Amino acid sequence: MSHRTALRRGRTVAVAGLITAAAFGLTACNGTGGSTAAPAASAAADNGAGNSTGSGNSTGSGNSTGAGDTTGGSGSAGTPSSKAGDGAAAAAGDGSGRGGDQVARCTTDGMQAGWGAEGGGVPDMKTDQQQTVAVWLKNISGSPCRISGFPGVQIKGTEGTTWDLRRSGQAPQPKVLKPNAHTSFTITLLPGTRADDHKVEPGLVLITPPNEKKHFQLQWPYGGAILDQSGATHPGTFVNPVNVP
């Protein structure tokens, strides 16, 4: 064999070895990517059907009822807007190394809702100081689901008015809810106590989970009235994101 032929064969073997090593490295990287988890199971309900009542595991009262379509909340924070709009939820993580993009989004059909949770107690509707009330959301789908962003909250007054609450400036925190696990969000509200106040007496409160269109209907259990600042740029009544104390 000539020296030139041996050199050529040596180079060919070296190049083939590099290509094989590169292909192996690519396979190893792609091998950690995963299949997507199955979507969370949905309760049998149409737009007018309701979810079952809330679980006794929650500290709050008030059972949830499914209702029609509304606009869902968004995953972004910032200056409060007049209405919670549609938006993509941020990727969630459960602390175990599994990313939220491998878990289905929490849906209205796969959850229950009710009043009360840690971070929000019974509001004093006889004071003119801001109060906090909490709403819990429970995953009843049977599968883990991810949730992040602002819920939509619409107050329906006993006199027929409606008020879509603005969002706070707090940053949303993503979270994965295991089956039967709870999360919550708070509503900061400013009661109206004076005779000459322009007030809204809540009757029903419609709760739309982030990035959903179907809502829960919750009866307002606390009485009193809220100072009507529905047209204000920075009202004293607003909604905070889920998963944020």
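In this text the structure is predicted, and so the values were computed from the model without any measurement.
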In terms of hydrophobic clustering (I, L, V, M, F, W, Y; side-chain heavy atoms under 4.5 Å; direct or indirect links), are M125 and V153 co-clustered?
->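 Yes, because M125 and V153 connect within a single hydrophobic cluster, where side-chain heavy atoms sit under 4.5 Å apart.
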If Ile, Leu, Val, Met, Phe, Trp and Tyr residues are connected whenever their side-chain heavy atoms lie under 4.5 Å apart, and connections chain through other members, are Y222 and L204 in the same group?
->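 No, because Y222 and L204 fall into different hydrophobic clusters, even though each may have its own neighbours under 4.5 Å.
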Just how far is it from atom [atom1] of [X] to atom [atom2] of [Y], taken to the nearest 0.5 Å?
X: H182; Y: K138; atom1: NE2; atom2: NZ; value: 5.0 Å
X: D228; Y: L190; atom1: CG; atom2: CG; value: 11.0 Å
X: I207; Y: L137; atom1: CD1; atom2: CG; value: 8.0 Å
X: D164; Y: T208; atom1: CG; atom2: OG1; value: 9.0 Å

Single hit among F216, W136, W220 for ring-ring contact (aromatic ring centres under 6.0 Å, His included) with W115 =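 The option that passes is W220.
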Test item: N139 side-chain N/O and L177 main-chain N/O as donor-acceptor pair under 3.5 Å =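 Yes: the side chain of N139 pairs with the backbone of L177.
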With T127, which residues qualify under side chain to side chain donor-acceptor pair (under 3.5 Å), at least two apart?
->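 With neighbours one apart ignored, the set is empty.
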Decide yes or no for [X] and [Y]: does some side-chain heavy atom of the first lie under 4.5 Å from some side-chain heavy atom of the second?
X: Q229; Y: F238; value: no
X: P191; Y: L189; value: yes
X: H215; Y: Q154; value: no

R167 to F150 six-membered ring, cation-pi geometry met (6.0 Å, 45°) =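 Relative to the ring axis of F150, which defines the angle, R167 lies inside both limits.
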What do the steps show when you test Q170 against N240 for side-chain hydrogen bond (donor to acceptor under 3.5 Å, both in side chains), and what is the final call?
-> CA-CA 7 Å; Q170 293 193 68; N240 299 300; 2.9 Å; yes
